[in-house]
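Note sheet for the following structure.
On a predicted model such as this, the values are computed, not experimentally measured, just so you know. Worth knowing before you read on, the calculation uses all heavy atoms, side chains too, and leaves out hydrogens, waters and symmetry mates. The chains referred to below are lettered A, B, ... by the order of the sequence lines, with proteins before strands, and numbering in each begins at 1.
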Amino acid sequence: MIKITLPNGAIKDFNAPTVTAAQIAASIGPRLAKDAIGALVDGVLSDLNAPITKDAAVAIVTAKADDTNAMYLLRHSTAHVMAEAITQLYPEAKLAYGPPVDTGFYYDIELTEPIREEDFPRIEAAMAQIVTENRPFTRYEMPTSAALQKLAAQGNPYKVDNAQRALSQDPNAPISFYATGEPGKNWEDLCRGPHLPATGRIGAFKLASVAGAYWHGDASQQQLQRVYGMAFFSKAELDAHIHQLAEAKKRDHRVLGKQLGLFTISPLVGSGLILWMPKGGIVRQELENFMRIELARRGYNAVYTPHIGNINLYKTSGHYPYYKDSQFPTIKMKERDSGDESEYLLKPMNCPHHIQIYSAEPRSYRDLPIRLAEFGTVYRFEQSGELSGMTRVRGFTQDDAHLFCTPEQVEAELRSTVDMVLLVFKTLGFTDYQCRVSLRDPASDKYAGNPALWDQAEATLRKIVKEVGITSQEAIGEAAFYGPKLDFLVKDVIGRQWQLGTVQLDYVLPERFALEYTGADNTPHRPVMIHRAPFGSMERFTGILIEHFAGAFPTWLSPVQAIVLSISEKFLPYARGVVQQLTTTGIRAELDAGNDKIGAKIRRAREQKIPYLLVVGAKEQETSAVAVRTRKDQDLGPMPLKTFIEKISAEISDRLAEPAVIGPDANRHEVPA
RNA sequence: GCUGCUGUAGCUCAGCUGGUAGAGCACGUCCUUGGUAAGGACGAGGUCAAGGGUUCAAGUCCCUUCAGCAGCUCCA
């Protein structure tokens, strides 16, 4: 007798030594039996036909796109089907590892012959055949030694390795295989499962890309071919997903950056080096102005430091020995007079320069905290394969600052820097960010300084996070070499996560540079440093911002805030007057003096994501008005130019995220998106 | 850096098995002076990423370099 508890609390008794989830589903109803593809047995995802031998809580998993368990089964099983298809077509292929991932699945394969995207249709056709055959996924288990022997006989080192790793986790676990069909007859793979009941449950799939990937993610290991795919229960879901990918691509900052004239990259200047065009320059300038105001309010002092520094500075700081592989080569030179050799480095960080400013004068505890801020440009020689638009570059400007304080001041200063990061996110409407507490990996030797101070620093950061009340997760091994940090992460349109703002606590560099201040007791003390950058880098932040707003910046950031569109050339003089008045008020306004009809002008202005379109014709000219339209296709109708200027000015000065000019009839012509 | 892919007009792209370049948009001129998401006509624009090779002949085939894309690895 087995007692099964269902999710609604109902209890069903089965008078048999074992029962399967399939049988449970059948006992509830034919519809559920048909839709069932797996089960959660006491919370563990399991095969639909796995025998349940004792009392358990069972939830039937059905084929639904919003159920992560269902998608796991689907993607995992599709990975198997793809692997079978590939081994059919490439008998030499050695399978390594094929898991489901967030957006689909992949399989890592060792194969000398490259698989190309043009080979995908053949592979997909073979997969479709396997799906059509609707073969059951059949699990069977083998004792450890027999299984290892079997795998070794197949000559696939990866599968042997996988099995051994599984055993090292749990030496008593039996080793399981899954055949698509009949074991011994059909294709099979070492796998812990679970899977769909049969290949026929795979609705729609598509191979996405192929790329190299290292075995166990270790660059010194064999490089395998990784084939990515996506899978859904229905064609409609697959199509919707493909459509969504295409939509995301339109938000890509590299695409929008070109369309909107924000930035460019020239091979003649160098890859990974951003050239800010005039319109991108405005966005950056507005962001910097915003930050400067906040810095002034919080008692920061602006400083300026050069782009290069003597190599000895970075030897002292520790940057050079730790990271010399990712720096531009040094500049070596001979002094003309003395003939002495000296060597300079493009600065990879601003902190050593700021430290020199701190130590240029004797400091008293009464002076602290000292907060030195600079939009400091730094250079790092990233690997060529890492470069990506504005988000991963070789030269970038940090909205950097270094706070030098007494140990007692650390917490208050940290709290205020975290507040500043949160203010930036709030002002720009970022809600979908993550906070990562980046800690050292005690097993690694890359971290400098005294472990006791590290413990103290890490404890302080944990405390701050708790006090401020942000959700966060800890990441071992993500700390800077000189201290732990709080990193704020945001995803780009293709789901890659980027670090933006950062707050770092540092007991090491003050030690290395022997920084001091005189305490109330008239003896020297060592200050503590906080490194912080709310935007992180202007380049990366702007790139993410472009994607966040899909190019439609809030008015205060928009390169062009309003564009005047005249109905015909007759009204150009009035239109020019309107532009003049806007410009005089400090609003960035342009005139479209082209020979197009009003519809074409509107279309072009909206493509440029200009917040306000001001149509002027005879009626407006007579009444000193403008007919206001937003880029969202809201026709606000005519209003006195004076009123428009008042409203847009308030919207800009308050850095509002939403249009403030909207009147009573705001949405009357709005077209649903 | 590694694997695979890509590079043709300012932009997006076409150009089959080699026979010396094409579209749409943008741009310019002209016609039109038009009231809310593309008015019309004509025109100008290309060292086909760069360099080398094969060939009677290369945008097309091969090699090298540069740059970009996806992933891996890395990331102060």
Side-chain angles (χ1 to χ4, degrees), chain A residues 101 106 108 111 114-119 208-228 249 252 254-255 258-259 261 265-268 270-272 314 317-320 322-327 347-352 378-389 392-394 398 438 446 448 478-483 485 494 496 498-499 502 504 506 509 531 533 565-572 594-607 613-620 627-629 631 633-638 669 671:
Chain A
V101 289
Y106 66 80
D108 284 349
L111 178 63
I115 295 175
R116 303 194 160 99
E117 290 196 13
E118 64 201 47
D119 301 319
S209 61
V210 58
Y214 300 104
W215 177 236
H216 290 310
D218 179 347
S220 67
Q221 294 266 4
Q222 169 83 30
Q223 190 165 31
L224 307 166
Q225 299 193 55
R226 175 171 295 180
V227 184
Y228 283 86
K249 215 176 155 190
D252 191 315
R254 292 164 296 188
V255 173
K258 180 164 259 182
Q259 267 169 22
I265 298 168
S266 160
L268 285 175
S271 54
Y314 303 101
S317 71
H319 291 100
Y320 186 70
Y322 275 93
Y323 299 106
K324 65 171 184 280
D325 293 340
S326 53
Q327 287 161 167
K347 66 177 171 185
M349 289 191 95
N350 299 304
C351 31
V378 298
Y379 296 90
R380 302 175 185 177
F381 194 80
E382 304 288 357
Q383 300 183 74
S384 60
E386 293 312 327
L387 302 174
S388 180
R392 191 81 186 263
V393 294
R394 286 182 175 160
Q398 298 177 311
S438 297
K446 86 170 220 194
E478 292 294 332
F481 77 86
Y482 48 74
K485 47 185 186 150
I494 52 177
R496 289 184 293 208
W498 298 99
Q499 178 190 314
T502 183
Q504 315 178 347
D506 179 7
L509 293 183
H531 310 232
L565 314 175
S566 64
I567 294 290
S568 82
E569 286 174 8
K570 280 189 223 153
F571 311 107
L572 276 180
N595 191 16
D596 295 296
K597 287 190 174 182
I598 196 66
K601 289 183 180 180
I602 288 170
R603 179 189 158 87
R604 197 166 36 230
R606 294 194 59 200
E607 277 172 351
L613 323 186
L614 308 180
V615 177
V616 297
K619 283 178 284 182
E620 290 74 20
V628 183
R629 223 177 195 287
R631 60 190 163 198
D633 205 25
Q634 294 160 316
D635 185 351
L636 309 184
H669 291 153
V671 176

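Between A/L224 and A/W215, the shortest heavy-atom distance links the atoms CD1-CE3, 3.8 Å.
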Check: protein-nucleotides 68-76 of chain B nitrogen or oxygen pairs below 3.5 Å:
unit_1 : atom_1 : unit_2 : atom_2 : d
B/C69  : OP1    : A/R254 : NH1    : 3.0
B/A70  : OP1    : A/R254 : NH1    : 3.3
B/A70  : OP1    : A/R254 : NH2    : 2.7
B/A70  : OP2    : A/R254 : NH1    : 3.0
B/G71  : OP2    : A/R496 : NH1    : 2.7
B/G71  : O3'    : A/Y228 : OH     : 3.2
B/G71  : O2'    : A/Y228 : OH     : 3.1
B/G71  : N2     : A/G212 : O      : 3.3
B/C72  : O4'    : A/G212 : O      : 3.2
B/C72  : O2'    : A/Y214 : N      : 3.0
B/C72  : N4     : A/E386 : OE2    : 3.0
B/U73  : O2     : A/Q383 : NE2    : 3.2
B/U73  : N3     : A/E386 : OE2    : 2.2
B/U73  : O4     : A/E386 : OE1    : 2.7
B/U73  : O4     : A/E386 : OE2    : 2.3
B/C74  : O2     : A/R392 : NH2    : 3.0
B/C74  : N3     : A/E386 : OE1    : 3.4
B/C74  : N3     : A/R392 : NH1    : 3.2
B/C75  : O2     : A/R392 : NH1    : 3.3
B/C75  : O2     : A/R392 : NH2    : 3.2
B/A76  : N6     : A/S326 : O      : 2.9
B/A76  : N6     : A/S326 : OG     : 2.0

Any protein N or O atoms within reach of nucleotides 46-50 of chain B? Criterion: under 3.5 Å, listing atom names and distances.
none

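The pair A/R603-A/D596 fails the salt-bridge criterion, with no side-chain N (NZ, NE, NH1 or NH2) lying under 4.0 Å from an Asp/Glu carboxylate O.
Per the geometry, CD belonging to A/E569 stands 11 Å off P belonging to B/G34, to the nearest Å. Rounded to whole Å, atom C1' of B/C27 lies 12 Å from atom CG of A/D596.
Looking at which nucleotide of RNA chain B each of A/E620 and A/P267 is closest to, the 5′-most match is held by A/E620. Sequence order on RNA chain B of the closest nucleotides to A/K570 and A/Q225 puts A/Q225 first from the 5' end.
On the P atoms, B/C30 is 36 Å away from B/A49, given to the nearest whole Å. Taking atom C1' on both B/A21 and B/C16, the two are 15 Å apart, rounded to the nearest angstrom. The same atom, P, is picked in B/A44 and in B/C61; the two are 31 Å apart, to the nearest Å. Nucleotides B/U64 and B/G4 are separated by 12 Å at their P atoms, to the nearest Å. B/U3 and B/U8 are spaced 26 Å apart, taking the C1' atom of each and rounding to whole Å. The gap from the P atom of B/C42 to that of B/A23 amounts to 12 Å, rounded to the nearest Å. Look at the C1' atom in both B/A57 and B/G40: the space between them is 43 Å, to the nearest Å. The gap from the C1' atom of B/G24 to that of B/A14 amounts to 11 Å, rounded to the nearest Å.
Going from atom NZ of A/K485 over to atom CG of A/D506 covers 12.0 Å, rounded to the nearest 0.5 Å. Rounding to the nearest 0.5 angstrom, the gap separating the CD atom in A/Q222 from the NE2 atom in A/H216 is 12.0 Å.
B/G45 adopts a syn glycosidic conformation, its chi angle falling within 90° of 0.
If you check every strand for non-hydrogen atoms under 4.0 Å, A/G599 touches sugar and phosphate atoms only. If you check every strand for non-hydrogen atoms under 4.0 Å, A/I598 touches sugar and phosphate atoms only. Within 4.0 Å of A/A605, counting heavy atoms only, lies no atom of the nucleic acid at all. Using a 4.0 Å heavy-atom criterion, one finds that A/A627 contacts the bases of the nucleic acid, with or without backbone contacts as well. Among the heavy atoms of the strands, none lies under 4.0 Å from A/K601.
Side-chain N/O atoms of A/R116 include one lying less than 4.0 angstrom from OP1 or OP2 on B/C5.
For A/R394 and A/F381, the positive end sits near the middle of the six-membered ring, less than 6.0 Å away and at most 45° from its axis.
Helical stems in RNA chain B, defined as runs of 3 or more consecutive Watson-Crick or G-U wobble pairs with both donor-acceptor distances under 3.5 Å, are listed by first residue as B:1-7 with B:66-72, B:10-13 with B:22-25, B:27-31 with B:39-43, B:49-53 with B:61-65.
With hydrogens and angles left out, the side chain of A/D633 and the base of B/U36 share no donor-acceptor pair within 3.5 Å.
The aromatic rings of A/Y106 and A/Y228 are tilted relative to each other, their planes meeting at an angle between 30° and 60°.
Of the candidate nucleotides B/A37, B/A38, B/G35, B/G35 has the atom nearest to the side chain of A/V615.
Between A/Q327 and A/Y314, every side-chain heavy-atom pair lies at or beyond the 4.5 Å cut-off.
A 6.0 Å sphere centred on NZ of A/K446 holds more than 12 heavy atoms belonging to other residues, nucleotides or ligands.
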